[in-house]
Number of protein chains: 2
Amino acid sequence: MIGQTDSIERRSGVSLWRQIADKILQAIASGDFAENAALPPEMALAERYGVNRHTVRSAIAALVQEGVLRAEQGRGTFVLSRKRLSYPIGARTRFSTGLQAQTSERHIVLLASSVEPASQRVAEGLGLARGAAVIRLETRGEADGRPVSRAASWFDANRFAGIDAAMAETGSITASLARFGIDDYLRQSTVLSARHADAADLADLDLQPGAIVLVTVAVNVTPDGQPIQFSESRFPAERVELKLSAL
Amino acid sequence: MIGQTDSIERRSGVSLWRQIADKILQAIASGDFAENAALPPEMALAERYGVNRHTVRSAIAALVQEGVLRAEQGRGTFVLSRKRLSYPIGARTRFSTGLQAQTSERHIVLLASSVEPASQRVAEGLGLARGAAVIRLETRGEADGRPVSRAASWFDANRFAGIDAAMAETGSITASLARFGIDDYLRQSTVLSARHADAADLADLDLQPGAIVLVTVAVNVTPDGQPIQFSESRFPAERVELKLSAL
DNA sequence: TAAATTTGTCTATTGATATAGACAACTATA
DNA sequence: TATAGTTGTCTATATCAATAGACAAATTTA
């Protein structure tokens, strides 16, 4: 169970080249190939997966298109991108903490903000009445120039009026909350699932069709248990793994 | 970001019928359709997703094959399976705890066990020398007759000699560890990722090709921090979500 | 320089995927 | 009973996915 199985599935609704591209991505992400290392020759990969060389070429073409590989005629095919980023999740989850050792640059971009009535699940998460005014922040996390997360966060509009401006200015949820007197907050709950990327994910996270996204739905609370933030985040599974840390 | 996007991707390496099947699965899992509820007519779905009716029929045929839907000529297509199972993960993660409210029946089956030399990562996880003897237990978790997890667990063979027999007898990791004087243990770390199911996953978890699995790699320790169990678990994303609980 | 290795391009063929239209079979309802 | 609405089956066609083979182009190695 340690290594990945090399077999692939025919007549599955997922084309062989896409499956092989997934395998290669996974091998890179799990460190089987170092950065700049040469991939095995196309013929070797074809034999290994039991498919035609042209099928392997389709897989490689997709990854070249994605910027993961670089093919050079006569030399070989080389790995460009690095290992999967390990994203810490725990009681004190914050975006930049814990990513410092792995990346040279990371930040959050505020894409949009709006005030809206709370939907059923947002209201439940924040302990508000359904339809109460909430502020929604749409953000994207980037590390080394690559999108690594895409999130929507909701806050009580009465209590946190102006948090959108604070976020735009500071580029940090933690710093923005500090302006409202929140010096500390905890992750109360996180529900995790996975699915195929939809059109929005493809655009937001710069993914290729067929990619997988991890989805978390979380509630942050003050140390005394008062809900302050409800959020849904999406992570590209090929670039990110979630490391669940104890408190 | 709340509701799923209805658009699908062409030329993605994932066939349209598979993408639509995924969407329907997700809608069911997230509670958009109640159990026994009727799906919209094929023509309505075809229009909604911008594809031919026959393409929708392929998606439905796959889900009927999977046992998720039941089609009745002249009446409609109906939902058979229930919502996604919410699987708790936290410092005191155990299989049955927390699933009691959601399922009427659940248990762990021991599929195989063996003694082997520790691989690099198993040795690291357990704090042993590489190549030290470890016991591996292959297990499957089932709830209401459906596979919901598939795991490999490793234990120090010296300290836990005979845990395979204990597991076979008790059907519980917790109970088996208790025989070795472990009254309490904690989840030290969990690393989470997602990928497409490979051939082994399909067989082990009774999935259809193209399905997604959540993968966790975890270490359990005694209250004083001594590693006792290293495990890799796989969960079918269409049937399970992970609920990360605070300590 | 010559040979071996590797990626790039072309043609051809087969099977799976998707679209299109027509009509049959069955169910519920007016 | 007649009609509308739904799933089931059939034929036909076009495009994508995969296989097969041959050879060109570029690079490395002997």
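Letters A, B, ... are given to chains in the order of the sequence lines, protein chains preceding strands, and every chain is numbered from 1.
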Problem - Test item: A:Glu142 and A:His107 side chains (from C-beta on) under 4.5 Å apart, heavy atoms - result: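 Counting from C-beta outward, A:Glu142 and A:His107 do come under 4.5 Å.
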
Practice task
Given salt bridge (charged side-chain N to carboxylate O under 4.0 Å, His left out), test A:Asp204 with A:Arg234 step by step and report yes or no.
Solution key: CA-CA 10 Å; A:Asp204 294 345; A:Arg234 292 163 285 142; 3.5 Å; yes

If I take atom [atom1] in residue [X] and atom [atom2] in nucleotide [N], what distance separates them, rounded to the nearest angstrom?
{"X": "A:Leu39", "N": "C:dT6", "atom1": "CG", "atom2": "P", "value": "12 Å"}
{"X": "B:Glu47", "N": "C:dA20", "atom1": "CD", "atom2": "C1'", "value": "15 Å"}
{"X": "A:Phe78", "N": "C:dT6", "atom1": "CZ", "atom2": "P", "value": "11 Å"}
{"X": "B:Met43", "N": "C:dT19", "atom1": "CE", "atom2": "P", "value": "12 Å"}
{"X": "B:Arg57", "N": "C:dT17", "atom1": "CZ", "atom2": "P", "value": "16 Å"}
{"X": "B:Leu69", "N": "D:dT7", "atom1": "CG", "atom2": "C1'", "value": "13 Å"}

Report all interatomic pairs (protein N or O, nucleotide N or O of nucleotides 28-30 of chain D) with separations under 3.5 Å.
{"from": "D:dT28", "atom 1": "OP1", "to": "A:Arg75", "atom 2": "NH1", "distance (Å)": "3.1"}

Exercise for the section: Sugar-phosphate means primed atoms, P, OP1 and OP2; the rest is base. With that split, encode nucleotides 14-24 of chain D 5' to 3' as B, S or - using protein heavy atoms under 4.0 Å. Expected result: --SSSBBBB--

Exercise for the section: For B:Arg130 and B:Glu124, run salt bridge (charged side-chain N to carboxylate O under 4.0 Å, His left out): C-alpha distance rounded to whole Å, both residues' side-chain angles, the deciding distance at 0.1 Å, then the answer. Expected result: CA-CA 8 Å; B:Arg130 182 168 180 181; B:Glu124 273 178 20; over 6 Å; no

Problem - Electrostatic pair A:Glu238:A:Arg84 at N-O distance under 4.0 angstrom - result: no

Exercise for the section: Establish, from distance only, whether the side-chain atoms of B:Glu232 and B:Trp154 form a donor-acceptor pair under 3.5 Å. Expected result: no

Practice task
Verify the contact: side-chain N or O of B:Thr77 to OP1 or OP2 of D:dT6, cut-off strictly under 4.0 Å; return yes or no.
Solution key: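 For D:dT6, neither OP1 nor OP2 has a side-chain N or O of B:Thr77 closer than 4.0 Å.
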
Exercise for the section: Identify, with sequence neighbours excluded, every residue that meets side chain to side chain donor-acceptor pair (under 3.5 Å) alongside B:Ser231. Expected result: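 B:Ser231: no side chain to side chain donor-acceptor pair (under 3.5 Å) contacts found.
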
Problem - Stepwise side chain to side chain contact (heavy atoms under 4.5 Å, CB included) test for A:Val79 and A:Leu39 - result: CA-CA 7 Å; A:Val79 175; A:Leu39 226 59; 4.1 Å; yes

Practice task
Could you pull out the closest heavy-atom pair between A:Val240 and A:Val148, with the gap in Å?
Solution key: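 Closest approach of A:Val240 to A:Val148: CG2-O, 3.6 Å.
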
